[in-house]
Amino acid sequence: MNIFRFAGDMTHLISIVVLLLKIYATKSCSGISLKTQELYVIVFLARYLDLFTDFISVYNTVMKLVFIGSSLAIVWCMRMHRAVKRTYDKELDTFRHYFLVLGSFVLALLLHEKFTFQEIFWAFSIYLEAVAILPQLVMLQRSGNVDNLTGQYVFFLGAYRAFYILNWIYRFFTEPHFSRWIACLSGLVQTAFYADFFYYYFISWKNNAKLQLPA
Amino acid sequence: QSEAQAHDEL
(Lines give C-alpha, C1' and ligand atoms only; values in the text may rest on other atoms or scores of the structure.)
Protein backbone atom coordinates (compact mmCIF):
# COMPACT_ATOMS: atom_id res chain seq x y z
CA MET A 1 0.00 0.00 0.00
CA ASN A 2 1.35 3.40 -0.93
CA ILE A 3 1.02 6.68 0.93
CA PHE A 4 -1.64 8.04 -1.45
CA ARG A 5 -3.91 5.05 -0.96
CA PHE A 6 -3.46 5.32 2.80
CA ALA A 7 -4.15 9.07 2.75
CA GLY A 8 -7.26 8.34 0.66
CA ASP A 9 -8.55 5.78 3.14
CA MET A 10 -7.83 8.11 6.05
CA THR A 11 -9.63 11.10 4.51
CA HIS A 12 -12.53 8.76 3.77
CA LEU A 13 -12.54 7.71 7.41
CA ILE A 14 -12.27 11.32 8.58
CA SER A 15 -15.26 12.29 6.42
CA ILE A 16 -17.34 9.62 8.15
CA VAL A 17 -16.11 10.70 11.60
CA VAL A 18 -16.99 14.32 10.77
CA LEU A 19 -20.48 13.28 9.72
CA LEU A 20 -21.02 11.15 12.82
CA LEU A 21 -19.68 13.99 14.94
CA LYS A 22 -22.09 16.43 13.37
CA ILE A 23 -25.03 14.10 13.96
CA TYR A 24 -24.11 13.14 17.53
CA ALA A 25 -22.87 16.51 18.76
CA THR A 26 -25.59 18.68 17.24
CA LYS A 27 -28.32 15.98 17.20
CA SER A 28 -29.02 17.27 13.74
CA CYS A 29 -28.63 15.98 10.21
CA SER A 30 -29.73 19.16 8.46
CA GLY A 31 -28.06 19.55 5.10
CA ILE A 32 -27.25 15.83 4.89
CA SER A 33 -28.83 13.80 2.11
CA LEU A 34 -30.35 10.57 3.39
CA LYS A 35 -30.43 9.36 -0.19
CA THR A 36 -26.67 9.65 -0.59
CA GLN A 37 -26.20 7.87 2.74
CA GLU A 38 -28.50 5.04 1.69
CA LEU A 39 -26.62 4.70 -1.57
CA TYR A 40 -23.36 4.33 0.38
CA VAL A 41 -24.88 1.49 2.41
CA ILE A 42 -25.74 -0.28 -0.84
CA VAL A 43 -22.26 0.50 -2.24
CA PHE A 44 -20.45 -1.01 0.73
CA LEU A 45 -22.70 -4.05 1.07
CA ALA A 46 -22.41 -4.84 -2.65
CA ARG A 47 -18.65 -4.31 -2.80
CA TYR A 48 -17.67 -6.12 0.34
CA LEU A 49 -19.48 -9.35 -0.48
CA ASP A 50 -15.93 -10.68 -0.68
CA LEU A 51 -15.44 -10.17 3.08
CA PHE A 52 -15.81 -13.87 3.74
CA THR A 53 -14.34 -15.26 0.53
CA ASP A 54 -11.18 -13.24 -0.15
CA PHE A 55 -8.78 -12.17 2.53
CA ILE A 56 -6.41 -9.32 1.56
CA SER A 57 -5.20 -8.00 4.90
CA VAL A 58 -6.39 -7.29 8.43
CA TYR A 59 -6.35 -3.60 7.49
CA ASN A 60 -8.72 -4.17 4.55
CA THR A 61 -11.07 -6.37 6.55
CA VAL A 62 -11.29 -3.93 9.46
CA MET A 63 -11.84 -0.96 7.15
CA LYS A 64 -14.57 -2.81 5.25
CA LEU A 65 -16.38 -3.57 8.50
CA VAL A 66 -15.98 0.03 9.66
CA PHE A 67 -17.41 1.40 6.39
CA ILE A 68 -20.38 -0.98 6.46
CA GLY A 69 -21.05 -0.36 10.15
CA SER A 70 -20.72 3.42 10.05
CA SER A 71 -22.88 3.84 6.96
CA LEU A 72 -25.60 1.69 8.55
CA ALA A 73 -25.34 3.72 11.78
CA ILE A 74 -25.76 7.01 9.90
CA VAL A 75 -28.84 5.81 8.01
CA TRP A 76 -30.26 4.35 11.22
CA CYS A 77 -29.82 7.70 12.99
CA MET A 78 -31.41 9.69 10.17
CA ARG A 79 -34.39 7.35 9.92
CA MET A 80 -34.94 6.16 13.49
CA HIS A 81 -33.42 8.56 16.02
CA ARG A 82 -36.26 10.70 17.27
CA ALA A 83 -34.38 14.00 17.59
CA VAL A 84 -32.15 13.55 14.56
CA LYS A 85 -34.81 12.55 12.06
CA ARG A 86 -36.82 15.69 12.83
CA THR A 87 -33.95 17.79 11.47
CA TYR A 88 -33.79 15.98 8.13
CA ASP A 89 -34.51 18.41 5.27
CA LYS A 90 -36.73 16.03 3.38
CA GLU A 91 -38.11 18.62 0.99
CA LEU A 92 -34.59 19.50 -0.21
CA ASP A 93 -33.62 15.86 -0.72
CA THR A 94 -35.71 14.94 -3.72
CA PHE A 95 -33.17 13.38 -6.05
CA ARG A 96 -34.58 10.22 -7.63
CA HIS A 97 -31.84 7.95 -6.40
CA TYR A 98 -33.56 4.76 -7.53
CA PHE A 99 -32.58 5.64 -11.07
CA LEU A 100 -28.95 5.75 -10.01
CA VAL A 101 -29.25 2.26 -8.51
CA LEU A 102 -31.02 0.90 -11.56
CA GLY A 103 -28.65 2.57 -14.03
CA SER A 104 -25.57 1.37 -12.16
CA PHE A 105 -26.87 -2.17 -12.05
CA VAL A 106 -27.67 -2.26 -15.76
CA LEU A 107 -24.21 -0.84 -16.49
CA ALA A 108 -22.65 -3.52 -14.27
CA LEU A 109 -24.50 -6.22 -16.21
CA LEU A 110 -23.01 -4.80 -19.42
CA LEU A 111 -19.52 -3.80 -18.24
CA HIS A 112 -17.72 -6.05 -15.77
CA GLU A 113 -14.50 -7.98 -15.48
CA LYS A 114 -16.17 -11.35 -15.25
CA PHE A 115 -19.74 -12.56 -15.43
CA THR A 116 -19.93 -13.87 -11.88
CA PHE A 117 -22.18 -12.88 -9.00
CA GLN A 118 -19.41 -11.16 -7.05
CA GLU A 119 -17.86 -9.40 -10.03
CA ILE A 120 -21.22 -8.02 -11.18
CA PHE A 121 -21.90 -6.67 -7.70
CA TRP A 122 -18.37 -5.31 -7.46
CA ALA A 123 -18.76 -3.38 -10.73
CA PHE A 124 -22.24 -2.24 -9.61
CA SER A 125 -20.77 -0.84 -6.38
CA ILE A 126 -18.06 1.01 -8.29
CA TYR A 127 -20.56 2.63 -10.66
CA LEU A 128 -22.98 3.44 -7.85
CA GLU A 129 -20.27 5.02 -5.70
CA ALA A 130 -19.34 7.27 -8.63
CA VAL A 131 -22.82 8.83 -8.64
CA ALA A 132 -23.82 8.37 -4.98
CA ILE A 133 -22.70 11.89 -4.02
CA LEU A 134 -25.08 13.53 -6.52
CA PRO A 135 -28.14 13.75 -4.21
CA GLN A 136 -25.88 15.37 -1.58
CA LEU A 137 -24.39 17.87 -4.02
CA VAL A 138 -27.82 18.76 -5.39
CA MET A 139 -29.05 19.25 -1.84
CA LEU A 140 -26.15 21.56 -0.98
CA GLN A 141 -26.82 23.58 -4.11
CA ARG A 142 -30.50 23.90 -3.22
CA SER A 143 -29.95 25.04 0.33
CA GLY A 144 -27.18 27.43 -0.75
CA ASN A 145 -25.92 27.86 2.79
CA VAL A 146 -23.69 25.03 3.87
CA ASP A 147 -22.95 24.59 7.56
CA ASN A 148 -19.35 24.05 8.59
CA LEU A 149 -19.38 20.33 9.34
CA THR A 150 -21.39 19.45 6.24
CA GLY A 151 -18.87 21.39 4.15
CA GLN A 152 -15.97 19.56 5.82
CA TYR A 153 -17.72 16.25 5.26
CA VAL A 154 -18.02 16.76 1.51
CA PHE A 155 -14.51 18.21 1.36
CA PHE A 156 -12.96 15.10 2.96
CA LEU A 157 -14.99 12.83 0.70
CA GLY A 158 -13.63 14.68 -2.31
CA ALA A 159 -10.10 14.54 -0.91
CA TYR A 160 -10.47 10.77 -0.57
CA ARG A 161 -11.26 10.49 -4.25
CA ALA A 162 -8.39 12.79 -5.25
CA PHE A 163 -5.92 10.67 -3.25
CA TYR A 164 -7.19 7.51 -4.89
CA ILE A 165 -6.39 8.97 -8.30
CA LEU A 166 -2.84 9.78 -7.13
CA ASN A 167 -2.66 6.22 -5.83
CA TRP A 168 -3.58 4.81 -9.26
CA ILE A 169 -1.03 7.01 -11.00
CA TYR A 170 1.60 5.80 -8.54
CA ARG A 171 0.62 2.15 -9.01
CA PHE A 172 0.52 2.51 -12.79
CA PHE A 173 4.19 3.54 -12.77
CA THR A 174 5.39 1.17 -10.05
CA GLU A 175 3.47 -2.06 -10.72
CA PRO A 176 4.15 -4.03 -13.90
CA HIS A 177 0.61 -5.28 -14.51
CA PHE A 178 -1.52 -2.52 -13.13
CA SER A 179 -4.70 -2.21 -15.16
CA ARG A 180 -8.13 -1.63 -13.71
CA TRP A 181 -10.01 0.54 -16.11
CA ILE A 182 -13.43 0.10 -14.48
CA ALA A 183 -12.30 1.47 -11.12
CA CYS A 184 -10.07 4.19 -12.61
CA LEU A 185 -12.58 5.55 -15.13
CA SER A 186 -15.41 5.53 -12.61
CA GLY A 187 -13.08 7.15 -10.10
CA LEU A 188 -12.28 9.94 -12.53
CA VAL A 189 -15.97 10.57 -13.19
CA GLN A 190 -16.67 10.56 -9.45
CA THR A 191 -13.88 13.03 -8.69
CA ALA A 192 -15.06 15.33 -11.46
CA PHE A 193 -18.38 15.75 -9.65
CA TYR A 194 -16.50 17.38 -6.78
CA ALA A 195 -14.72 19.94 -8.96
CA ASP A 196 -17.45 22.57 -8.65
CA PHE A 197 -17.75 22.10 -4.90
CA PHE A 198 -13.97 22.33 -4.43
CA TYR A 199 -13.89 25.55 -6.40
CA TYR A 200 -16.34 27.27 -4.03
CA TYR A 201 -14.82 25.58 -0.99
CA PHE A 202 -11.39 27.07 -1.71
CA ILE A 203 -12.83 30.49 -2.49
CA SER A 204 -14.61 30.58 0.87
CA TRP A 205 -11.47 29.29 2.57
CA LYS A 206 -9.31 31.93 0.90
CA ASN A 207 -11.71 34.72 1.84
CA ASN A 208 -12.19 33.22 5.29
CA ALA A 209 -15.92 33.32 4.63
CA LYS A 210 -18.78 30.94 5.14
CA LEU A 211 -19.17 28.41 2.35
CA GLN A 212 -21.96 29.42 0.00
CA LEU A 213 -22.91 27.78 -3.24
CA PRO A 214 -24.55 29.75 -6.04
CA ALA A 215 -28.17 28.80 -6.70
CA GLN B 1 -1.65 -11.19 -10.20
CA SER B 2 -4.19 -13.46 -8.53
CA GLU B 3 -7.90 -12.81 -8.64
CA ALA B 4 -8.19 -11.93 -4.97
CA GLN B 5 -5.57 -9.23 -5.36
CA ALA B 6 -7.51 -7.64 -8.21
CA HIS B 7 -9.77 -6.01 -5.63
CA ASP B 8 -7.20 -5.04 -3.05
CA GLU B 9 -8.53 -1.49 -2.68
CA LEU B 10 -11.45 -0.35 -0.56
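This structure is a prediction, so every number in the text was calculated from the model and none was measured. Labels below follow one simple rule: chain letters A, B, ... track the order of the sequence lines, proteins then strands, and each chain is numbered from 1.
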Check: Please walk me through it: do A:Asn60 and B:Glu9 pass side chain to side chain donor-acceptor pair (under 3.5 Å)?
Finding: CA-CA 8 Å; A:Asn60 268 36; B:Glu9 292 176 348; over 6 Å; no
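More than 12 heavy-atom neighbours from other residues, nucleotides or ligands sit within 6.0 angstrom of CG on A:Asn2. Counting non-hydrogen atoms of other residues, nucleotides and ligands closer than 6.0 Å to OH of A:Tyr24 gives a total of 12 or fewer. Few gaps surround CZ on A:Phe198; more than 12 heavy atoms of other groups in view lie less than 6.0 Å from it.
The NE2 atom of B:His7 sits 7.5 Å away from the CG atom of A:Asp50 when rounded to the nearest 0.5 Å.
For residues 30-39 of chain A, a heavy-atom distance under 4.5 Å to chain B picks out no residue at all.
Residues B:Asp8 and A:Arg180 form a side-chain contact, since some pair of their non-hydrogen atoms from C-beta on lies under 4.5 Å apart.
Screening A:Tyr160, A:Phe44, A:Phe67 for a side-chain contact (heavy atoms from CB on, under 4.5 Å) with B:Leu10, the sole residue that qualifies is A:Phe67.
Under the ring pair (Phe, Tyr, Trp, His ring centres under 6.0 Å) criterion, A:Phe121 pairs with A:Phe105, A:Phe117, not counting sequence neighbours.
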